[in-house]
Amino acid sequence: MATHFHHSNTAQDELKAIQKRLNQTPLKILQKCTTRWNSTFYMLERILQVKESLYLYASTNNKIPQLTSEEWMLIDKVITLLRPFEEVTKELSAADVSVSSLIPLIASLERILNDFDSTDELIGDTTAVLKQELFNKFSFLENEVLFITATFNDPRSKVIFFLNTLTKERVIRHILELLEDSQAGAPSSSRSPNSKRARLDKTDDFGEKKPLSLKDTMTSLMATSDSDIEDVDDIPLIGYKKSIGNIFIKLELLFSARFSKIEFSPDLDVLVS
């Protein structure tokens, strides 16, 4: 069907005339591209958008087949199934995408797929294939320290999207090891690490504020579970985020008192290729 309109200007003009008679905005049928999977999604979405005009076009000539009600239903369900994948593709292709976005996005896709009926006669098999392929390609993520550390340090996600219950313990241990290495030779803090709600600013005996040690601050954040949070302002990262709006908080801002500069590489082509 798409090839028919792609190769015939006359067919495009006829379809456009029908759309005008129906007081619809003229829309062309999109042709899929073999190198871009979402081009098939856009093609099906456009076919569904111009369903009425295609029905009339097929009724006036025999150049394209008349789709049955079951075929239209199939197109509609496939579009619904693929739309979350198209949205994730856009997210991961953005110029400002973060490493910490990958695990939450994949976990969200898995949850969405689980909501589809695997016994559906029209898309049940397709849903099963997508689930399996998603597992085959991305099940390694929670074994990669880069991805779990970035996700854990993102205040928007923390441990919410980890499927393995041991991942939290592994990433905490890894971060604390990094902090130990970075503070080698530095004087240890007299601050007790048992406090779960330590703030970034601490008052000394003279009433002046002084920053907590880097390790104590991170230990406090990592030891605070969701059930412990009653007032989000008690959590340094979240309280700071609230004060400046929906801006992604980078670690160099939080720990600027300890480090003069922390460099981050925005090059994420390897993730979205």
**Prompt:** Thinking salt bridges, do Glu142 and Arg170 make one under a 4.0 Å N-O criterion?
**Reply:** no

| If you measure from the Lys or Arg side-chain nitrogens to the Asp or Glu carboxylate oxygens, is any gap between Lys90 and Glu86 under 4.0 Å? |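 Salt bridge between Lys90 and Glu86, a charged N being under 4.0 Å from a carboxylate O: yes.
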
(message) Does either side chain, that of Asn114 or that of Glu110, offer a donor lying less than 3.5 Å from an acceptor on the other one?
(response)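 No - no donor-acceptor pair under 3.5 Å links their side chains.
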
Could you tell me if the ring centre of Tyr57 sits under 6.0 Å from that of Phe5? yes

For the [atom1] atom of [X] and the [atom2] atom of [Y], what is their distance to the nearest 0.5 Å?
{"X": "Glu45", "Y": "Thr40", "atom1": "CD", "atom2": "OG1", "answer": "12.5 Å"}
{"X": "Asp125", "Y": "Leu122", "atom1": "CG", "atom2": "CG", "answer": "10.5 Å"}
{"X": "Phe85", "Y": "Phe41", "atom1": "CZ", "atom2": "CZ", "answer": "11.5 Å"}
{"X": "Ser98", "Y": "Glu91", "atom1": "OG", "atom2": "CD", "answer": "11.0 Å"}

Sub-3.5 Å donor-acceptor pair from the side chain of Asn136 to the main-chain atoms of Gln132, do we have one? yes

With side chain to side chain contact (heavy atoms under 4.5 Å, CB included) as the test, would you mind laying out the steps for Asn143 and Asn164 before giving the verdict?
CA-CA 10 Å; Asn143 295 323; Asn164 192 329; 5.8 Å; no

Report yes or no: do [X] and [Y] belong to one cluster of Ile/Leu/Val/Met/Phe/Trp/Tyr joined by side chain heavy-atom distances under 4.5 Å?
{"X": "Leu67", "Y": "Leu22", "value": "yes"}
{"X": "Phe116", "Y": "Val129", "value": "no"}
{"X": "Val145", "Y": "Ile103", "value": "no"}
{"X": "Leu163", "Y": "Leu146", "value": "no"}

Any chance [atom1] of [X] has more than 12 other-residue heavy atoms, nucleotides or ligands included, within less than 6.0 Å?
{"X": "Glu133", "atom1": "CD", "answer": "yes"}
{"X": "Gln66", "atom1": "CD", "answer": "yes"}
{"X": "Lys131", "atom1": "NZ", "answer": "yes"}

- Where do Thr10 and Ser8 land on the side chain to side chain donor-acceptor pair (under 3.5 Å) test, with the steps shown first? CA-CA 5 Å; Thr10 302; Ser8 174; 4.5 Å; no

For a side chain to side chain contact (heavy atoms under 4.5 Å, CB included) check, start with the C-alpha distance between Trp37 and Thr89, then their side-chain angles and the critical distance, and finish with the verdict. CA-CA 10 Å; Trp37 81 265; Thr89 300; 3.4 Å; yes

Note to self: I want to check something: taking the side chain as every heavy atom from C-beta on, are Val50 and Ile29 in contact at a cut-off of under 4.5 Å?
What the structure shows: yes

Of the non-hydrogen atoms in Met1 and Pro65, which two are nearest, and what is the gap between them?
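Taking Met1 first and Pro65 second, the nearest heavy atoms are CE-O, 4.2 Å.
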
